[in-house]
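Accompanying notes for the structure given below.
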Amino acid sequence: MAQQRTSVPITRVERYVYEIPAHGEMRVPARIYADEELIEELTAPAAQEWSALQQLVNVASLPGIQKAALAMADVHPGYGFPIGGVGAFDPKEGVISVAGVGFDINCGVRLLATELTRADLEGKEDRVADALFHGVPAGLGSTGELKLTEKEIDRVLREGAHYAVNLGYGTPADLTYVEEQGRMSGADPDAVSRTAKQRQLRQVGTLGSGNHYVEVQVVDEIYDEEAARAFGLAVGQVTIMLHTGSRALGHQIGTDYLPFLERAARKYNIPIRDRELVCAPVESPEGRQYYAAVMAGANTAFANRQVLTHLIREALNKALGVAPESIRTVYEIAHNTVKFEEHEVNGRRKRLLVHRKGATRAFGPGRPEIPERYRSVGQPVLVGGTMGTASYVLRGTEKGMRDTFGSALHGAGRAKSRTKAKKEYPADRVIRQLKERGITVRAHGRSSISEEAPGAYKDVEQVVDIMAGAGVIAKVARLRPVVTIKG
DNA sequence: ATGTGC
């Protein structure tokens with residue numbers, strides 16, 4: 001829980017940017033991307049969301065934080081650090097924290113493009129839904145076709161998606177279009193507990209539950225012709241979006257390292273404003289060990305999405321006869337990460353450790369990290385909507401590089417707690433309402449339908465327009481759901 | 001998010 005609940009001044013510094021000036025223990029200001037309506041919701045005394053801004057103030061108070069603690073427009077309270085939050089740290093004076101990454105390490109979204117159009121799916125929605133439902137292992141505690149030994153899981157932790165490709169899941173061409181090419185360096189399997197590895201032996205290639213999904217979509221609007229052409233997207237085209245992460249292993253790493261970093265925070269005299277936001281100096285042995293574990297967790301998520309890409313191709317081949325190789329990876333971007341990147345701070349290039357929790361990397365044109373084919377227009381940013389609403393493809397901008405360390409929003413952002421949503425949205429009603437709007441849903445658990453009901457989220461169009469209005473990203477394409485498979 | 005938490 002966030003500790004203090006003091007009322008603080010919030011001023012508007014740009015059309016869609018609000019600022020809490022540095023005061024008290026804050027080392028930098030907190031900046032929030034919002035419009036008038038959203039900032040009112042975020043600061044309403046009764047609003048539960050107020051804790052998201054308090055969490056942001058706590059982040060702004062951490063040692064070594066640079067420029068500002070940032071909240072994207074989809075911000076909502078998370079464990080110790082807001083979801084939709086970004087914090088960049090000086091490696092020498094700064095810290096690394098479990099809460100700043102999130103428990104689902106390297107959770108992310110992959111977008112696949114098919115050569116199909118909406119007409120090719122007409123009347124075949126149920127067949128596609130069934131094929132994906134049965135072809136993609138999902139649900140809490142589900143196990144996949146891959147059964148790894150302890151030696152093999154260590155290779156997953158080191159090699160990420162490359163391990164999956166070497167086993168025949170997908171192709172090297174996929175990796176070109178995955179953030180970091182599907183593999184983080186610096187991963188150390190020895191930094192990951194035996195428990196974490198054991199839990200993952202049969203979970204590589206599984207979707208999971210909660211807000212994880214596979215969704216068949218159709219491109220219904222293009223906002224930026226040049227970028228859409230570069231990304232290979234056109235109106236009427238069928239796409240598939242995959243949202244999942246590092247499953248049990250990532251979660252276990254978070255569980256294991258929370259008490260470890262709490263001890264480190266005491267050892268290095270880092271003030272603890274919130275016990276959920278414990279951290280260690282980046283360059284301490286404890287900080288380095290957690291980083292090595294997170295990189296291993298990140299690689300597990302990369303491998304997971306790579307295996308699932310293969311299973312999705314197989315399922316669509318079975319349902320519609322499409323050639324697996326005709327389904328192309330457009331891009332994959334994660335939204336629970338921590339990584340070293342170069343950014344400009346006070347006119348000087350500097351290596352920083354950037355935490356993005358429920359926030360994506362969104363690099364502007366020209367950055368070498370962007371695949372060559374996309375480099376001139378900027379990095380693709382994938383924003384997953386809800387079951388009933390659109391998802392977006394965006395691109396990073398120069399202004400984003402200056403203002404948000406090249407970061408953007410990751411989704412619509414939860415507006416109602418899971419508990420509240422469960423009470424308010426009975427699963428049957430949600431399924432019926434989606435059906436009426438032409439969206440076919442299959443779910444492995446009934447509660448996830450209620451918890452993930454569109455009404456439990458903010459308006460995705462609104463939060464995307466805030467970020468676009470601020471110039472941090474630019475809109476490229478909108479995707480409408482046709483078939484959704486929920487964990 | 002997660003072999004759902006004290």
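Because the structure is a prediction, the values reported are computed rather than measured. Excluded from the calculations below are hydrogen atoms, water molecules and symmetry mates; all remaining heavy atoms, backbone and side chain alike, are included. Proteins come first, then strands; the chains are lettered A, B, ... in the order of their sequence lines, and each starts at number 1.
Where A:Ser447 and A:Arg418 each meet DNA chain B at their nearest nucleotide, the meeting point lying more 5' is that of A:Arg418.
The OH atom of A:Tyr79 sits 13 Å away from the C1' atom of B:dG5 (whole-angstrom rounding). Going from atom NE2 of A:His444 over to atom P of B:dT4 covers 16 Å, rounded to whole Å. Residue A:Glu451 contributes atom CD, which lies 11 Å from atom P of B:dT2 at whole-angstrom precision. Between the P atom of B:dG5 and the CG atom of A:Leu258 lies a distance of 14 Å, rounded to the nearest Å. Rounded to whole Å, atom P of B:dT4 lies 10 Å from atom NE2 of A:His251. Rounding to whole angstrom units, CD1 of residue A:Ile105 and C1' of B:dT2 are separated by 12 Å. Rounded to whole angstrom, the span from the NZ atom of A:Lys197 across to the P atom of B:dT2 amounts to 21 Å. Rounded to whole Å, atom C1' of B:dT2 lies 14 Å from atom CD1 of A:Ile83.
Ring planes of A:His251 and A:Phe103: tilted class, angle from 30 to 60°.
Applying the 4.0 Å criterion to OP1 and OP2 of B:dT2, one finds that A:Ser209 has a side-chain N or O inside that range.
Judged by a 6.0 Å distance limit and a 45° cone about the ring axis, A:Lys475 is not positioned over the six-membered ring of A:Tyr392.
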Going through the checks in order, is the side-chain hydrogen bond (donor to acceptor under 3.5 Å, both in side chains) test met by A:Gln198 and A:Gln252?
CA-CA 10 Å; A:Gln198 289 285 342; A:Gln252 188 64 46; over 6 Å; no
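Nucleic acid contact class of A:Gly245 (heavy atoms, under 4.0 Å, all strands): none.
The pair A:Lys458-A:Glu41 does not meet the salt-bridge criterion, since no charged nitrogen lies less than 4.0 angstrom from a carboxylate oxygen.
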